[in-house]
Every structure is written in structure tokens, then in C-alpha cells.
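What follows is a short report on a single structure.
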There are 2 protein chains.
Amino acid sequence: MTPQRELIARTFFRNKGHVSAEDIYKQVQKRAPRIGFATTYRTMKLLSEAGVASLRSFGDGFSRYEPALRTDHHDHLICTQCGHIIEFEDDRIESLQKTVARKHGFRVTDHKLELYGICSHCRNTKK
Amino acid sequence: MTPQRELIARTFFRNKGHVSAEDIYKQVQKRAPRIGFATTYRTMKLLSEAGVASLRSFGDGFSRYEPALRTDHHDHLICTQCGHIIEFEDDRIESLQKTVARKHGFRVTDHKLELYGICSHCRNTKK
DNA sequence: CAGTTTAATGCAAATGATTATCAATGTCAA
DNA sequence: TTGACATTGATAATCATTTGCATTAAACTG
Ligand SMILES: [Zn+2]
Ligand SMILES: [Zn+2]
Ligand SMILES: [Zn+2]
Ligand SMILES: [Zn+2]
């Protein structure tokens, strides 16, 4: 554990999740301008390999990280206008997914459910 | 509508869907080696803008296209071992998604549900 | 037809997020 | 101190996709 890694990890956990590597890099830059993005990427990969961060890739070209509490699984509602992300969890959907997979002979190891749309805030300020 | 575009479109529709741009490019190459991949990409973008192809991005680094029949929506089961993709549709999941979105004040315009796992074929030949 | 405009092609170079390379620096135990 | 050994950070490489641009071809015009 080096000072660079510690700063990067701290910065990551200070966020609320769904942070891109560049986000973290820019935040880290303010405290320690000498840290390069290579170290940022490497550290985030380490964190996700260690299981404390999990990698998400939404539609846009970026990889996002969020803290992995391990216990809580959740899916995402994403506002295509302002980028706001809401997390949710629905046990009925989860179990229906398992049913569907079983029906097709799949053993599911992972899944991704993302609902894209317009959040209430953007809908109200729209017109 | 140019001959190049026609060949690319025909080639695309000859496939069963979930085709990468490179797949199409390579198939087109056999019939018309002079066609460049720029034209392939451009034409696929045109097709998806025209609504006859829809763009999917699964976890791997590739953009995939599939014919957009407009009437049928479906989600995907993806084997992480052999890459095989099964399409499915579950009305109960769909309606639960709408319920969840409504609960959070979202108006959903699109969604993505992908189940990753091991298909029955790969499970049987595994050991 | 000849001439002019316009769009489409295809090669090569650019893009942009991520990864690999590698010399320089730090760590630590013998 | 010496020598493994790991880590850093600047830079170059990667790789799917886009873009710039000169060339070709089609579509009008008369
Ligand atoms: Zn919004
Ligand atoms: Zn989340
Ligand atoms: Zn399989
Ligand atoms: Zn499909």
C-alpha cells in the first residue's frame, strides 16, 4: 500500500459511486498533481480485483467504478438527459431472471439491467 | 442507394443478428474486396438511423447490430464461454420494470437486460 | 451528349479510452 | 551499502470506430 494508492482509494470511496477513472484522476490531481493516470487506472483495477470496487460499463464509452459492498446487488435507472443514476433492487425481477435462465439451460453468473429514460427532475424543467 | 450500400445491407440481413461491424465487413469483402470498412461503418450507422438495424453493445469491445423488426422487443442471454446469444422476452419482467421506473419518477425510453452465464452446451462439454 | 453540381467511396490518418513499456525511484532485508 | 523487488509516471502502443479528403460516380441541366 503506497501513498498514491491510498489517496486514489480514499478519493474513490469519497464518491457516491458510478465514478469514471477520469473522474477519480481529476480529483486526485488536485491533491497530488504528480500522480499519473496510469497509476489511477492500475489502482482501480487492483481495487476491483480485490473485490472492494466493482466495474460497470454503461452505454457510454467509459468504465465506471462503484464501491462493492458485496452484500447488496442492485441495478440502475439512468437519466439520458442529466446522467443521474438511481439504484434499485427488485426481488421479483431477480427471481424471474433466474427462471428465464433456467428455462434456457443457462447457469447465470452475472447480469445487467439498465433502464434508460428521463428522470422526474428533467421532465419538470423540460418545457 | 448505392451498390455498396445494397450489398452491405443484404449481407447484414442475411445474418441472424448480433453481428459486429467487422463480421459484416469481412463477409462483404468476399463479394466486393474494394469496399472499405469506412463504408461499412457508415452504412450500418445509416441503417440504424433509418430504424432497420439496432445497435447493441454487449460487454466486449464491439458494437453489434441486429435487424430491428420494430414489433419484437427482446433481451439477451449470453454465454461467456462460447459467445452464444439467446434471445428471450418475458412480459412479467417488462411490466415490473415499468413499475420500478414509475416508482422512481422515471419515464423509461429504453432498457437493457443481459444475463451472462454458461450455456447448457458449454456446461456439458466442460468437464 | 458535354458540363456542372452533388453525393458517396475508400484510403489513410485521427480519435479517445485504456493498457503496455520502461527507465527512474522507492522499499527493505541481508 | 548492496542488491532484489515492486511501484511509479511519462510516453508510446492498442484497438474499435470516425473523420478528412482527394477521387470516383451518379444525378441533373441544358
Ligand atoms: Zn435527468
Ligand atoms: Zn450502482
Ligand atoms: Zn456456451
Ligand atoms: Zn437480439
Side-chain angles (χ1 to χ4, degrees), chain A residues 1-12 15 17-50 52-66 68 76 78 80 83 85 112 114, chain B residues 1-12 15 17-50 52-66 68 76 78 80 83 85 112 114:
Chain A
M1 180 58 65
T2 66
Q4 291 93 332
R5 290 180 177 176
E6 185 169 336
L7 177 57
I8 291 168
R10 264 194 223 290
T11 305
F12 165 60
N15 284 270
H18 316 116
V19 199
S20 71
E22 203 193 344
D23 290 336
I24 297 171
Y25 173 65
K26 281 197 279 201
Q27 293 178 32
V28 164
Q29 279 281 350
K30 292 179 193 162
R31 300 252 166 213
R34 311 227 27 191
I35 291 183
F37 54 84
T39 304
T40 307
Y41 276 104
R42 278 189 291 239
T43 303
M44 289 317 297
K45 175 175 279 186
L46 283 178
L47 291 180
S48 63
E49 282 167 1
V52 297
S54 58
L55 179 60
R56 293 271 142 93
S57 36
F58 303 125
D60 58 358
F62 300 85
S63 294
R64 293 238 168 69
Y65 296 91
E66 64 180 339
H76 296 98
I78 302 159
T80 53
I85 297 178
K112 172 189 288 189
E114 290 156 17
Chain B
M1 182 57 64
T2 66
Q4 289 93 332
R5 289 181 179 175
E6 186 168 335
L7 176 57
I8 291 168
R10 264 194 223 291
T11 305
F12 165 59
N15 284 271
H18 316 118
V19 199
S20 71
E22 202 192 346
D23 290 337
I24 297 171
Y25 172 65
K26 281 197 279 202
Q27 293 177 33
V28 164
Q29 279 281 350
K30 293 179 194 163
R31 301 251 166 215
R34 310 228 27 189
I35 290 183
F37 52 83
T39 305
T40 307
Y41 276 104
R42 279 189 285 240
T43 304
M44 290 316 298
K45 176 176 276 186
L46 283 177
L47 291 180
S48 62
E49 281 166 2
V52 297
S54 58
L55 179 61
R56 291 271 142 93
S57 36
F58 302 125
D60 58 358
F62 300 85
S63 294
R64 293 241 167 70
Y65 296 91
E66 64 180 339
H76 297 98
I78 302 158
T80 53
I85 297 178
K112 171 190 286 188
E114 289 156 18

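Naming: A, B, ... by sequence-line order, numbering from 1 per chain.
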note: B:Gln4, atom CD; C:dA7, atom P; distance rounded to Å ~ 17 Å
| query | Salt bridge between A:Arg10 and A:Glu6, side-chain N to carboxylate O under 4.0 Å? | reply | yes
Taken to the nearest whole Å, CG/B:Asp60 to P/D:dC15 is 15 Å
Requested in this report: Compare side-chain N and O positions of B:Thr39 against OP1 and OP2 of C:dG10 and report whether any pair is under 4.0 Å apart.
Outcome: yes
What contact category does B:Arg5 fall into here, base, sugar-phosphate, or nothing, at under 4.0 angstrom with non-hydrogen atoms? sugar-phosphate
Of the candidates D:dT17, D:dT19, C:dA8, the side chain of B:Tyr41 sits closest to D:dT17
Which of D:dG9, D:dT17, D:dT19 is nearest the side chain of B:Ser63? It is D:dT17
Checking C:dT19, D:dA16, D:dT19 against the side chain of A:Lys45 (C-beta onward), the nearest is C:dT19
To the nearest angstrom, the CG-P distance between A:Leu46 and D:dA6 comes to 13 Å
Rounded to whole Å, CD of A:Glu6 lies from P of C:dT27 at a distance of 14 Å
Task: Aromatic plane relationship, A:Phe58 with A:His18 - under 30° parallel, 30 to 60° tilted, over 60° perpendicular - done: tilted
Task: Sugar-phosphate only, base, or nothing, as touched by B:Phe37 at under 4.0 Å among non-hydrogen atoms - done: base
Picking from D:dT17, C:dA17, D:dC21, the nucleotide nearest the side-chain atoms of A:Phe62 would be C:dA17
- prompt: Counting any heavy atom closer than 4.0 Å, what does B:Ser20 reach on the DNA or RNA strands: base, sugar-phosphate only, or nothing?
  reply: nothing
Between B:Phe12 and the options B:Leu7, B:Thr43, B:Leu47, B:Val28, the side-chain contact (heavy atoms from CB on, under 4.5 Å) test singles out B:Leu47
Between OH of B:Tyr25 and C1' of C:dC11 the distance, given in whole Å, is 10 Å
Per nearest nucleotide of DNA chain C, the residue lying toward the 5' end, A:Ala21 or A:Arg42, is A:Ala21
Rounded to whole Å, OH of A:Tyr65 lies from P of C:dT18 at a distance of 7 Å
B:Ile35 atom CD1 is separated from C:dA12 atom C1', nearest whole Å, by 18 Å
Going by distance alone, is a donor N or O of one side chain under 3.5 Å from an acceptor N or O of the other, for B:Asn15 and B:Gln27? yes
Test log, rule side chain to side chain contact (heavy atoms under 4.5 Å, CB included), inputs B:Ile8 and B:Met44
CA-CA 8 Å; B:Ile8 291 168; B:Met44 290 316 298; 4.1 Å; yes
Report task. Check whether any side-chain N or O of B:Thr2 sits under 4.0 Å from OP1 or OP2 of D:dA25, and answer yes or no. Result -> no
note: A:Met1, atom CE; C:dT27, atom P; distance rounded to Å ~ 15 Å
